[in-house]
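Written below as structure tokens is the structure these notes are about.
Values reported hereafter were calculated over all heavy atoms of this structure, with side chains retained and with hydrogens, waters and symmetry mates removed. A, B, ... follow the sequence lines: proteins, then strands. Residue 1 opens every chain.
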Protein chains: 2
Amino acid sequence: MNTLLDAFSALSDPTRFTIVEQLMDHGELPAGDLAQGKGMSGAAISRHLKVLRQAGLVNQRVNGTQRIYSIRPEGLRAIAEWTISKRQFWEASLDRLGDILQEDSSWPT
Amino acid sequence: MNTLLDAFSALSDPTRFTIVEQLMDHGELPAGDLAQGKGMSGAAISRHLKVLRQAGLVNQRVNGTQRIYSIRPEGLRAIAEWTISKRQFWEASLDRLGDILQEDSSWPT
DNA sequence: CCATTGTTTAACATTCGTGTTAATCAATAG
DNA sequence: CTATTGATTAACACGAATGTTAAACAATGG
């Protein structure tokens, strides 16, 4: 329950959100690569990565001197489950997506 | 795109998250009712409501001297759409939910 | 009118978040 | 062993967020 709030908090920062999307697009990446092109010190990125780790959104793997990061599915699950559990509040405002969802009565409430 | 980050930010606060859940559970409620039992001044709640409003997560309706709040589905949609678009990253770690989802190949990617 | 009720805004204090640079640490190359 | 590379942690500065109380405001009742 607190995990969900931590996930929201972690993702509310543009730099961290970008990191998460990068990891989703490119698979696992070392901290150094994630620091590239963000106009920010490596130290700052390192702390952002720590926040993401503590929020359960990313995994860290050690490879020699590198720390290689990847998406941690369980972390995203908290958000997905909450979203799905509140489905009734947003499905009404969906267009194409709403139509598709309405056909699927097996979706959990 | 910024709306999504604002939504995450707004929901990352426990008080605001509780307010949103209250509105989901009880339907629309006046600001005064939302301030009850939170151990916090009405002024503080009023500002939390302003944040939720600016994040597009709640609607405000005027009824005489009361301000009546309700969930704004479009706000939640941003989160739902993002979650669904990243479905591949969390569905693998789902148990019951994962099974259900795997059957539904019409779900948008 | 004037007082009351419901809510918001203003001013202020304090805590939290985030960036910087410098120091530290671990792994590897020479 | 020492220097280098990759990354994190420490110490610090500063702006943003959040709570408080007091003031302001709009609607309603007397």
Has [X] got a side-chain atom pairing as donor or acceptor with [Y]'s backbone, closer than 3.5 angstrom?
{"X": "B:Arg67", "Y": "B:Ala31", "value": "no"}
{"X": "B:Trp90", "Y": "A:Glu81", "value": "no"}
{"X": "A:Arg72", "Y": "A:Gly56", "value": "yes"}
{"X": "B:Ser9", "Y": "B:Asp6", "value": "no"}

Would you list the pairs meeting salt bridge (Lys or Arg N to Asp or Glu O under 4.0 Å) in which at least one residue belongs to residues 23-33 of chain B, sequence neighbours left out?
B:Glu28-B:Arg61
For nucleotides 15-20 of chain D, tabulate all protein N/O to nucleotide N/O atom pairs closer than 3.5 Å, reporting atom names and distance.
from   : atom 1 : to      : atom 2 : distance (Å)
D:dT18 : OP1    : B:Arg16 : NH2    : 3.3
D:dT18 : OP2    : B:Arg16 : NH1    : 3.2
D:dG19 : OP2    : B:His48 : NE2    : 2.5
D:dG19 : N7     : B:Arg47 : NH2    : 2.4
D:dG19 : O6     : B:Arg47 : NH1    : 3.3
D:dG19 : O6     : B:Arg47 : NH2    : 3.3
D:dT20 : OP2    : B:Ser41 : N      : 3.0
D:dT20 : OP2    : B:Ser41 : OG     : 2.9

Are B:Leu11 and A:Leu5 grouped together when hydrophobic residues (ILVMFWY) are joined by side-chain heavy atoms under 4.5 angstrom apart?
yes
Using whole Å, report how far [atom1] of [X] lies from [atom2] of [N].
{"X": "A:Lys38", "N": "C:dT20", "atom1": "NZ", "atom2": "C1'", "result": "18 Å"}
{"X": "B:Arg61", "N": "C:dG6", "atom1": "CZ", "atom2": "C1'", "result": "15 Å"}
{"X": "A:Gln54", "N": "D:dT9", "atom1": "CD", "atom2": "P", "result": "9 Å"}
{"X": "B:Ile19", "N": "C:dT7", "atom1": "CD1", "atom2": "C1'", "result": "13 Å"}

Identify the pairs formed between an N or O of the protein and an N or O of nucleotides 5-7 of chain D at a distance under 3.5 Å, and give each distance.
from  : atom 1 : to      : atom 2 : distance (Å)
D:dG6 : O4'    : A:Thr65 : OG1    : 2.9
D:dA7 : OP1    : A:Ala31 : N      : 3.3
D:dA7 : OP1    : A:Gly32 : N      : 3.4
D:dA7 : OP2    : A:Gly32 : N      : 2.7

